[in-house]
Each structure stands twice: as structure tokens, then as C-alpha cells.
Chemist: 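The structure follows.
Proteins get letters first, then strands, A, B, ... in listed order; numbering begins at 1 in each.
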Protein chains: 2
Amino acid sequence: MMTELENYIQNYFGVNKEEVTKISSYFKLLHLKKGEFFLKSGRYSDHLGFMQSGIMREFLNTNNKEVTKWISTKGYFSVDLASFIFKQPARWNIQALTDCELYVINQKDYQLIGQELSSWAVLEKLFLTKCFIILEERIVQHLSMSAEERYNQLFNFNPELFNQVSLQYLASMLGITPETLSRIRKNQLL
Amino acid sequence: MMTELENYIQNYFGVNKEEVTKISSYFKLLHLKKGEFFLKSGRYSDHLGFMQSGIMREFLNTNNKEVTKWISTKGYFSVDLASFIFKQPARWNIQALTDCELYVINQKDYQLIGQELSSWAVLEKLFLTKCFIILEERIVQHLSMSAEERYNQLFNFNPELFNQVSLQYLASMLGITPETLSRIRKNQLL
DNA sequence: ATAATTTCTTGATATTTGTCAAGCGCACAA
DNA sequence: TTGTGCGCTTGACAAATATCAAGAAATTAT
């Protein structure tokens, strides 16, 4: 049976089975208990994670406010990209909201893949571009949509999230207060 | 004398002179008159541009609203990344607000660089990551800052912009109306 | 099961931001 | 010069969202 990671690489990047196996062999399975941190702000993000199961939250603290940037579920990569690539101290906290299974690769092995797999540069490019596009889409949403529209967008994209994750975190990720989210949701019922 | 592009590659990516010259030889200088489009939404973004001089605006139209994503000046790359990398129709319009000088490279030559320069994969990774980080920072701003705070951030980062670019575009880029920007600026004087 | 704690909802109110309409000022053209 | 148009500002008002406080609901711990 294939892991989520293998599925992802094969489907998203269109890589053949052999290479998929090769790539995924560099990753190791990591279990995180609910509440544990995959990364703490200020540390170095020296592992790239890919989520097999569970839910994680990426957030930071800034002028007394906690900002949730993203909720990751099955099929997402999890890393502080700036820290991982540029070897700076991490800005983000990444915490498990439930027990999680992650496939992780460390910096060193990540470098190794690049040396051993000629096709890796292309995959890496696609991966980074995808990360960029996701953020770009969110910027557009903030520049052109109301809180309610952003909520609908997120809800339609991933309704289950709202049963699995504390609403305060989703509110923060949408850039609104929990009270406003509560009222928007009430509105949607009418 | 070095071009902005060569400066950028050398300083930002820490590449030696020889490689810098090699890389920049793939780029060709392109002149754009004020008002001309470097890219139109729906077309394919088959050129990556690097700005030597002038100002360009990246925007799209969505439900009767024009959204300005970014104003590019000297030292910025200009491209619809999703279109350039994934070969999709472009989402963004890129238009010259003033006469512009761009160093451009087409898809084919871009591929070639990768094949001829072993170090290219690393540079590409850094480039894409930088693009990502810029957007990530903007997301954080929208999740945690008021319109006025975002204005101050942008103004402190690049005050000249407000003398060179129509305020309505800067308002759009900040995610606010021109009226609100006008009032914020009035406030700042007191 | 019960108590304790946290999260969610609701109401009242304040603040921020948007909308619409009018007027001002500057640039450019006839 | 004198319009003409466009972008910017201002005012009055409306809508969206935040804040604060209280209570209800859900979750967690004892």
C-alpha cells in the first residue's frame, strides 16, 4: 500500500514508481502526540515534514496576538521554508493539534536527494512554486474579499476542517475574531 | 559597469563573477513604453523579467474590481510564476507605469541555464523561496495588522513609491479604498 | 459523575473601513 | 487661455468588523 507521500509525489509531480520509491525512502515516519511541537519559533527548521495523518497548526506570536497562518492536514508539507532553505532561526511554531504521523527528511538527506536524483531539481521547483501559488491566492482573497467570502471559500474548500479544528484557530487563519466567525456561521444557516 | 541584474545575482545569491556573467548573458534587454503590457492575463507568461529601471504594476480583474497585487521597481523580478512554471494561462496583467528597462529571458533559455549551469538549481531554489517569503510576510500583515499599520509598513519600506505611483494603485495593493488611504495619510500628518 | 476549564455564542457598543457624492487641483489638449 | 478629464480629498452616512462582558455549551480533569 502506498503512503500519502508516495501518492502525492506520483500524482502531483507525475513521477514514475521507481523514482517515487527512491524519494520516499529518504523520509522517515515520525509520530507526534497531540500538543507536541514539530517546530518552535527561534529554533532551526532542519526537518521537512509531510503529513500522513492528523492535524497541525502553524502560528506565531506578534504584539500579544497569536496569528495562525495555516492548518495542515493529510497531504500537506510542513516546514518553516525561510528557515529550512536559508538556515535562519524559525519564525513559526508548528504544533500538533491531534496525534500526527509525518514523513520527515532532514536537511542533510534533503541535500543528498538533490545530488542523487537528477530529476529532483524539477520537483523542488514545482513544490516551491505550488507553495507560492497557495499564498498568492490568499493574498488575492485578502485584497478583494470580505470576511464572509473568505469563510465561504475556506469552508467549501475543506468543510471537515470546521469539525476538527478549534474555531478560534480558523478565525485567526481567516484574519478575523472568533466572535465574527461565530456570527458569520450563524448567518450562513438562515 | 554592472547591471542591476548582475548586482542582484552576485549580492543576493553570492555567486562568483564568472557565473554571474554567464547567467546574465542569457538575458536580453527589453524596453517598455509607459502603458505597455509586459504580460496580459490569459496569455502565457513565457518570459521572466528583471527590472533594471522604471515601474510596473501587476494586477487582475475580479468581480468588477481591479486588484493590484504588486508594484515592481528596480531589482524585482516580474513574471506570472504559476504560468511560467506550470505553463498555464496567466492570471496577472503586468503593465508599465513608466518607461521601463527589463532584462528578460524566455522559457527555452531558462531551461538551458539549468542544463548548462550546475549551480542553477540552487539559485532557482533561493529565488523561489524569496518570492514565497515576501508573500508570507504580506499574509502575516493581513492577519495581524490594521490598514494604517500596513500603510506605515509599506511607507517605511519604500517611501519614494508614494511619489511615483498613483495612490489608487497603492491603496489596492494594501487592500483598502483610495478614500481610506487618503484619510490614513491625512492622519499621519497630525 | 461532577467539577473545572476552555471554547463558543450572543448582545451591546465602539471602531474601522467602505460607499456615495461633491468639490478641488493639476495636467494636458484644443 | 480655457476647458476637460482624471485623480485626490473631504464630508455624511452605511456597513463590516472588533471589543468587552456575560452566559451557554463543550471538553477535560478529578
Side-chain angles (χ1 to χ4, degrees), chain A residues 33-36 54-55 57 59 62-68 71 95-99 138-155 159-190, chain B residues 33-35 55 57 59 62-68 71 95-99 138-155 159-190:
Chain A
K33 289 272 178 217
K34 177 175 175 175
E36 284 186 312
I55 304 178
R57 179 169 76 105
F59 68 99
T62 182
N63 18 299
N64 313 322
K65 261 198 289 192
E66 192 179 86
V67 173
T68 297
I71 306 283
Q95 185 179 26
L97 293 182
T98 66
D99 291 2
R138 286 185 79 191
I139 293 285
V140 172
Q141 288 176 18
H142 278 278
L143 295 184
S144 65
M145 291 164 66
S146 68
E148 185 159 7
E149 289 170 322
R150 294 202 303 278
Y151 164 77
N152 284 323
Q153 192 88 17
L154 180 61
F155 184 82
E160 314 91 65
L161 217 53
F162 290 81
N163 297 320
Q164 300 168 318
V165 175
S166 182
L167 293 177
Q168 60 185 319
Y169 299 148
L170 295 172
S172 172
M173 181 173 151
L174 287 166
I176 59 182
T177 59
E179 292 94 330
T180 297
L181 178 57
S182 180
R183 293 191 176 101
I184 286 174
R185 284 165 64 78
K186 194 180 175 187
N187 248 344
Q188 296 292 322
L189 301 176
L190 311 181
Chain B
K33 290 271 176 216
K34 176 175 174 174
I55 305 177
R57 179 171 76 104
F59 67 99
T62 181
N63 16 299
N64 313 322
K65 262 198 288 192
E66 193 178 86
V67 174
T68 296
I71 306 283
Q95 185 179 23
L97 294 182
T98 67
D99 291 0
R138 287 186 78 192
I139 292 284
V140 172
Q141 287 177 17
H142 278 278
L143 296 185
S144 65
M145 292 164 66
S146 68
E148 185 159 8
E149 289 170 322
R150 294 201 302 278
Y151 165 78
N152 283 324
Q153 192 86 17
L154 180 60
F155 184 83
E160 314 93 66
L161 217 52
F162 290 81
N163 298 321
Q164 301 168 319
V165 176
S166 183
L167 293 177
Q168 58 185 319
Y169 299 147
L170 295 172
S172 172
M173 183 174 149
L174 287 167
I176 60 182
T177 59
E179 292 95 330
T180 297
L181 177 57
S182 180
R183 293 190 176 102
I184 287 173
R185 282 164 66 78
K186 193 181 175 186
N187 247 344
Q188 296 291 323
L189 302 176
L190 311 181

Chemist: List the residues meeting side-chain hydrogen bond (donor to acceptor under 3.5 Å, both in side chains) with Thr180(B), not counting sequence neighbours, and say none if there are none.
Modeler: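 Result, side-chain hydrogen bond (donor to acceptor under 3.5 Å, both in side chains) vs Thr180(B): Thr177(B).
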Chemist: Before giving the answer on side chain to side chain contact (heavy atoms under 4.5 Å, CB included), spell out for Gln188(B) and Asn152(B) the whole-Å C-alpha distance, their side-chain angles and the decisive distance to 0.1 Å.
Modeler: CA-CA 9 Å; Gln188(B) 296 291 323; Asn152(B) 283 324; 3.3 Å; yes
Chemist: Got a donor-acceptor contact below 3.5 angstrom from the Asp99(A) side chain to the Lys33(A) backbone?
Modeler: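 It does not hold such a pair.
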Chemist: Just how far is it from atom CD1 of Ile55(A) to atom OG of Ser166(A), taken to the nearest 0.5 Å?
Modeler: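 Interatomic distance, Ile55(A) CD1 to Ser166(A) OG, rounded to 0.5 Å: 11.0 Å.
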Chemist: Working to the nearest 0.5 angstrom, can you tell me the gap between Leu167(B) CG and Leu161(B) CG?
Modeler: 10.0 Å
Chemist: As a test of understanding, state which of Arg138(B), His142(B), Met173(B) forms a side-chain contact (heavy atoms from CB on, under 4.5 Å) with Arg150(B).
Modeler: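 Exactly one candidate clears the test, His142(B).
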Chemist: Under a 4.0 Å heavy-atom cut-off, which of residues 174-182 of chain A touch DNA chain D?
Modeler: Gly175(A), Ile176(A), Thr177(A), Glu179(A), Thr180(A)
Chemist: Going 5' to 3' along DNA chain C, between which two nucleotides do contacts with chain B fall, using a heavy-atom cut-off of 4.0 Å?
Modeler: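 Nucleotide range in contact with chain B: dT17(C) to dC20(C).
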Chemist: Counting only N and O atoms by type, is there a donor-acceptor contact under 3.5 Å from the side chain of Thr98(A) to the main-chain atoms of Gly54(A)?
Modeler: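 The answer is no, because no donor-acceptor pair under 3.5 Å joins these two groups.
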Chemist: Are the side chain of Ser172(A) and the backbone N or O of Thr68(A) linked by a donor-acceptor pair below 3.5 Å?
Modeler: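 Yes: the side chain of Ser172(A) pairs with the backbone of Thr68(A).
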Chemist: Give me the atom names and distance for the closest heavy-atom approach of Leu174(A) to Leu143(B).
Modeler: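 Shortest heavy-atom separation between Leu174(A) and Leu143(B) comes out as C-CD2, 4.0 Å.
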Chemist: Among residues at least two apart in sequence or on other chains, which ones pass side-chain hydrogen bond (donor to acceptor under 3.5 Å, both in side chains) with Tyr151(A)?
Modeler: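 By the side-chain hydrogen bond (donor to acceptor under 3.5 Å, both in side chains) rule, Tyr151(A) matches Arg185(A).
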Chemist: Do Glu148(B) and Ser146(B) pass the side chain to side chain donor-acceptor pair (under 3.5 Å) test, and can you show the C-alpha distance, the side-chain angles, and the key distance before you say yes or no?
Modeler: CA-CA 5 Å; Glu148(B) 185 159 8; Ser146(B) 68; 5.6 Å; no
Chemist: Work out how much the helix from dA1(C)-dT30(D) to dA30(C)-dT1(D) bends between its end axes, five pairs an end, to the nearest 10 degrees.
Modeler: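 Comparing the axis at each end, I get an angle of 40°.
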Chemist: Does anyone know the first and last nucleotide of DNA chain D in reach of chain A, 5' to 3', at under 4.0 angstrom to a heavy atom?
Modeler: dT17(D) to dT28(D)
Chemist: How is Lys34(A) classified with respect to the nucleic acid when contacts are heavy atoms under 4.0 Å: base, sugar-phosphate, or nothing?
Modeler: sugar-phosphate
Chemist: Around atom CG of Asn64(A), are there more than 12 heavy atoms of other residues, nucleotides or ligands at under 6.0 Å?
Modeler: no
